[in-house]
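Presented below is the structure to which this report refers.
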Amino acid sequence: QVQLVESGGGLVQPGGSLNLSCAASRNIFSGYIMGWYRQAPGKQRELVASITRRGNTNYGDSVKGRFTISRDSVKNTVYLQMNTLKPEDTAVYYCNARSVIIMSDNYWGQGTQVTVSS
């Protein structure tokens, strides 16, 4: 089993920055693809960013150039640095871990709220 805990969300003004953290209960980066997803009210969940065990990254079109995903294997933590935030970024952000061996082996955090407003 893997437990994921997100933190770092909050209320920021447009153009501001936030750094989200996702702490895993154990070292899983060698066997799981880590990702950040978000879901806004009335909208479908969408991929924000992901990072493979080899460090390859993928970003959603709406956040390219503004968000950066990274990880710290010693701390068992993945981060999402969010810059130049827009009101459209307002959503609940979820951390996800997907096994590279068993596709159905997935874990989700509880989510952290990000609100971008004046």
Side-chain angles (χ1 to χ4, degrees):
Q1 292 291 321
V2 178
Q3 295 184 23
L4 304 172
V5 180
E6 303 100 330
S7 62
L11 174 64
V12 297
Q13 295 183 345
S17 299
L18 280 176
N19 190 11
L20 305 183
S21 298
C22 172
S25 58
R26 61 182 177 88
N27 190 345
I28 61 171
F29 295 159
S30 63
Y32 290 80
I33 297 174
M34 305 301 299
W36 285 97
Y37 293 77
R38 68 186 183 187
Q39 187 164 25
K43 296 185 177 181
Q44 296 183 8
R45 182 184 62 186
E46 65 175 338
L47 172 70
V48 176
S50 65
I51 184 168
T52 71
R53 59 182 179 177
R54 293 191 176 276
N56 296 319
T57 58
N58 185 43
Y59 296 93
D61 290 338
S62 63
V63 306
K64 288 180 179 178
R66 299 188 297 119
F67 292 8
T68 303
I69 188 171
S70 62
R71 65 190 179 195
D72 186 330
S73 297
V74 175
K75 296 182 178 180
N76 299 324
T77 301
V78 62
Y79 304 94
L80 183 68
Q81 178 64 49
M82 305 186 295
N83 298 322
T84 319
L85 284 163
K86 305 175 181 179
E88 306 92 90
D89 296 318
T90 296
V92 177
Y93 284 70
Y94 297 93
C95 182
N96 171 259
R98 176 167 59 86
S99 173
V100 300
I101 301 175
I102 306 174
M103 293 184 64
S104 60
D105 187 11
N106 278 269
Y107 301 92
W108 293 89
Q110 82 287 351
T112 184
Q113 176 71 47
V114 172
T115 302
V116 185
S117 176
S118 298

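Heavy atoms only: backbone and side chains are in, while hydrogens, waters and symmetry mates are out.
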Notebook entry, point to check: Would a hydrophobic clustering, with Ile, Leu, Val, Met, Phe, Trp and Tyr connected at side-chain separations under 4.5 Å, put V48 with L4?
Noted result: yes
Item checked: Side-chain donor or acceptor of Q3 paired with backbone N/O of S25 under 3.5 Å -> no
Next item on the list: Look at the side-chain heavy atoms of Ile, Leu, Val, Met, Phe, Trp and Tyr, link any pair under 4.5 Å apart, and say whether Y79 and I69 land in one connected group.
Entry: no
Margin query: With a 4.5 Å cut-off on side-chain heavy-atom distances among I, L, V, M, F, W and Y, is there a chain of contacts connecting L80 to L85?
Written below: yes
Next item on the list: To the nearest 0.5 angstrom, please state how far the CD1 atom of I28 sits from the CZ atom of R98.
Entry: 12.5 Å
Item checked: Q110 side chain to V5 backbone, donor-acceptor under 3.5 Å -> no
Note to self: When you compare the side chain of N106 with that of N96, does any pair of heavy atoms fall below 4.5 Å?
What the structure shows: yes
Notebook entry, point to check: Hey, any chance V100 and M103 share a hydrophobic cluster, counting ILVMFWY side chains that come within less than 4.5 Å of each other, even indirectly?
Noted result: no
Margin query: Quick check: is V114 connected to V92 through a chain of hydrophobic side chains (ILVMFWY, heavy atoms under 4.5 Å apart)?
Written below: no
Note to self: For the backbone of R53 and the side chain of R71, can you confirm whether one donor and one acceptor N or O come within less than 3.5 Å of each other?
What the structure shows: yes
Next item on the list: Mind running side chain to side chain contact (heavy atoms under 4.5 Å, CB included) on M82 and R66 for me, showing each step along the way?
Entry: CA-CA 6 Å; M82 305 186 295; R66 299 188 297 119; over 6 Å; no
Checklist line | Inter- and intrachain pairs under disulfide (SG to SG under 2.5 Å), touching residues 35-71, at least two apart | finding: none
Enumerate donor-acceptor pairs with a distance under 3.5 Å from any side-chain N or O in residues 29-44 to protein atoms, sequence neighbours excluded.
residue	atom	partner	partner atom	Å
Y32	OH	D105	OD2	2.8
R38	NE	E46	OE2	2.7
R38	NH1	D89	OD1	2.9
R38	NH1	Y93	OH	2.8
R38	NH2	E46	OE2	3.2
R38	NH2	S62	OG	3.1
Q39	NE2	K43	O	3.2

Indicate every side-chain donor-acceptor pair of residues 7-23 with a distance under 3.5 Å to a residue at least two apart or in another chain.
residue	atom	partner	partner atom	Å
S17	OG	N83	OD1	3.0

